[in-house]
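Single-structure report; data block below.
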2 protein chains.
Amino acid sequence: MSAMPVFANEPSLRATAVVQSPERAQFDIEALGNRLRLFRRRVRAGEQLFRPGQPMHALYLVHAGYFKLSVNSADGREKVTGFRMRGDLLGLDALGAESYGAEAVALDTSEVWVLPCAQLDDIATRAPGFREHITAMLAHEIRRDWSWMLSIGTLSADQRVVAFLLDLSDRQRALGFSPSQLMLRMTRAELGNFLSLQLETVTRALSRLAQAALISVDRREVRLLDPGALRDSLGTAC
Amino acid sequence: MSAMPVFANEPSLRATAVVQSPERAQFDIEALGNRLRLFRRRVRAGEQLFRPGQPMHALYLVHAGYFKLSVNSADGREKVTGFRMRGDLLGLDALGAESYGAEAVALDTSEVWVLPCAQLDDIATRAPGFREHITAMLAHEIRRDWSWMLSIGTLSADQRVVAFLLDLSDRQRALGFSPSQLMLRMTRAELGNFLSLQLETVTRALSRLAQAALISVDRREVRLLDPGALRDSLGTAC
DNA sequence: CGGGTGTTTGACCGTTGTCAAAGCGAGTGG
DNA sequence: CCACTCGCTTTGACAACGGTCAAACACCCG
């Protein structure tokens, strides 16, 4: 089978204009996955997809569900580095290493498409631009991490929670879901860990925002009542 | 043009065993730079190598000197995302994007080797494994970011400063410099920003460590007097 | 129904941020 | 050569945000 024009034919490493929008890029890969009949794997809530130190078998494309990514220190400290949903690639950080650097745990019944390492070359051959796409996804992940480092390092507790809710809202919208009705898949402790806050502080922040009528909170269900005001609250001096 | 065996003949993207050690990998690129006679550029202390939003021209390999990387928010908040020295690549985060996502400022008289985007394809052709190397560097950067997110999110002020000093010490050693005699190139404010601390807190942490005879501080010069104890202090409960 | 997990709220405390002032060093110009 | 300035650093006093500890509550699931 000869090379198929799955990706735009681009001459240089920088030629990732095809993936200007991260969201669109994700769906390009999904289209590819359909064509290649990738192996699918179901992951139940709480189940571990991979763990740090485990030899890297594959990249995983989240097709449905939600995942929590976290890293650990030798002495047991843990840090949630992010949450992933439909369209996100898991395991990218292990490229060029022997093993995964993070732990991926499903927060809900999920399904991933498996891109075995052994097939990546094959995929790259069949899909021009695949390598550039991976590169772009890696760079995108770095910028996302930096953005969160900025938020966590410069925002107050309440603002961090708002930033998280708005980010989740944007991602929901990009996937075609309601941007104002959010279902948190993680516990307060997991969210707090990600935002570098204690779980009680997350609870209190949500309570304060609800009292200010900016959001409504019912257990894990959060409604954004005033997205404009929420966005404004990030700009005002802490 | 048909597919050429440009890369080491490996069945998968994981075939980056050539760059197992990040340090060795960096020097591989330096050797490559010598062969290709890459353009060199001097950057004076305080000078900006690139800024966020600027169209991406090139990757830069730090040949000598020190750089500070930082990102900014729309409303003026700033976050130092890291410090780079000899052997590090700058601008990786812009791959697949149109423009740089961070600002790179020299902290000292520096020299970088320029890898223009337009030449990346050429380089990749001439240097088997170059793409895999870039991929590995990107993944490495992600793991490094996650590691700092862990440290900053779970360590006390003093511990964060210790973690920074030990990291700097390791990097110095890897470059063949003294691992115990460190010259900080950045201000207390820049270091504090990176560690998500105020500059006064950095000062106090350094003073406390000096008083405990773990280090000695003379302006920007820091000596590690008891690396073992320093390393132990990271494990003990905050 | 009962146990367990996750959440909420309160009270209190401590680490770190904030504000202020003084000290220090390097570079500059008189 | 000295005085001056400017940026950076250090130290102190105080405040506050968020952490810690504790208890009660809600919900889910067996």
Side-chain angles (χ1 to χ4, degrees), chain A residues 44-46 66 68 77-80 105 107-109 151-164 182-212 215-222 233 236-238, chain B residues 44-46 68 77-80 105 107-109 151-165 182-212 215-222 233 236-238:
Chain A
R44 279 185 301 268
Y66 298 84
K68 173 186 75 167
R77 289 172 287 124
E78 184 184 5
K79 172 73 179 182
V80 175
V105 174
L107 295 177
D108 200 352
T109 304
S151 292
I152 292 171
T154 59
L155 296 179
S156 70
D158 287 25
Q159 288 175 314
R160 291 183 215 180
V161 172
V162 169
F164 175 81
L182 312 177
M183 187 61 152
L184 307 184
R185 306 330 252 231
M186 71 294 296
T187 67
R188 301 286 191 262
E190 290 166 333
L191 179 50
N193 184 302
F194 174 61
L195 296 175
S196 289
L197 297 172
Q198 293 304 112
L199 69 94
E200 296 94 330
T201 305
V202 174
T203 287
R204 276 187 248 269
L206 289 172
S207 298
R208 278 190 291 263
L209 293 169
Q211 197 166 10
I215 66 174
S216 74
V217 182
D218 176 22
R219 196 155 173 75
R220 300 264 179 108
E221 192 179 313
V222 175
S233 75
T236 37
C238 152
Chain B
R44 281 184 301 268
K68 173 187 76 168
R77 290 173 286 122
E78 184 184 6
K79 173 72 178 182
V80 175
V105 174
L107 295 176
D108 199 352
T109 303
S151 293
I152 292 170
T154 60
L155 296 179
S156 70
D158 287 26
Q159 287 175 314
R160 290 183 215 180
V161 172
V162 169
F164 175 81
L165 293 175
L182 311 177
M183 186 62 153
L184 307 184
R185 307 329 253 233
M186 71 293 297
T187 67
R188 302 286 191 265
E190 290 167 333
L191 179 50
N193 184 302
F194 174 62
L195 296 175
S196 288
L197 297 172
Q198 293 305 111
L199 67 95
E200 296 93 331
T201 306
V202 174
T203 286
R204 277 187 246 269
L206 288 172
S207 298
R208 279 189 290 263
L209 293 170
Q211 198 166 10
I215 65 175
S216 74
V217 181
D218 176 20
R219 195 156 173 74
R220 300 265 178 106
E221 192 178 314
V222 175
S233 75
T236 38
C238 153

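Every chain is numbered from 1 and lettered A, B, ... according to where its sequence line falls, protein lines coming before strand lines.
- A donor-acceptor pair is defined here as one N or O able to donate and one able to accept, closer than 3.5 Å; no such pair exists between the side chain of B:Glu221 and the backbone of B:Asp218.
- A:Ser216 pairs by the side chain to side chain contact (heavy atoms under 4.5 Å, CB included) definition with A:Arg223, A:Leu225, not counting sequence neighbours.
- Take A:Arg219 and apply the salt bridge (charged side-chain N to carboxylate O under 4.0 Å, His left out) test, not counting sequence neighbours, and it matches no residue.
- Each end of the helix from C:dC1-D:dG30 to C:dG30-D:dC1 gets its own axis, taken as the rotation carrying the C1' atoms of four end pairs onto the next four within a five-pair window, and the two axes meet at 30° to the nearest 10 degrees.
- Rounded to an integer number of Å, the gap from A:Leu184 CG to C:dG6 C1' is 13 Å.
- Under the rule for a side chain to side chain contact (heavy atoms under 4.5 Å, CB included), the partners of A:Ala210 that lie at least two apart in sequence or sit in another chain are A:Ile215, A:Val217.
- Residues meeting the side chain to side chain contact (heavy atoms under 4.5 Å, CB included) test with A:Arg208, sequence neighbours left out: A:Asp158, A:Arg204, A:Ala205.
- Residues passing the side chain to side chain contact (heavy atoms under 4.5 Å, CB included) test with A:Ala189, sequence neighbours excluded: A:Thr187, A:Leu199.
- Partners of A:Arg188 by salt bridge (charged side-chain N to carboxylate O under 4.0 Å, His left out), not counting sequence neighbours: none found.
- Put simply, CG on A:Leu209 is 15 Å from C1' on C:dT8, counting in whole angstrom units.
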N/O-N/O pairs, protein side and nucleotides 4-12 of chain D side, under 3.5 Å:
unit_1, atom_1, unit_2, atom_2, d
D:dT9, OP1, B:Arg188, N, 3.4
D:dT9, OP1, B:Arg220, NE, 3.1
D:dT9, OP2, B:Arg188, N, 2.8
D:dT10, OP1, B:Arg188, NH2, 3.2
D:dT10, OP2, B:Arg188, NE, 2.8
D:dT10, OP2, B:Arg188, NH2, 3.3
D:dT10, OP2, B:Thr203, OG1, 3.1
D:dT11, OP2, B:Ser207, OG, 2.6
D:dG12, N7, B:Arg204, NH1, 3.0
D:dG12, O6, B:Arg204, NH2, 3.3

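- Whole-Å rounding puts the B:Arg160 CZ to C:dT15 P distance at 14 Å.
- A:Leu197 places its CG atom 15 Å from the C1' atom of C:dT15, with the value rounded to the nearest Å.
- Distance CG (B:Leu155) to C1' (C:dT15): 14 Å, rounded to an integer number of Å.
- With sequence neighbours excluded, the residues that form a salt bridge (charged side-chain N to carboxylate O under 4.0 Å, His left out) with B:Lys68 are B:Glu190.
- The separation between A:Ile152 atom CD1 and D:dG18 atom P is 13 Å, rounded to whole Å.
- As a whole-Å value, the separation of A:Gln198 CD from C:dT7 P is 14 Å.
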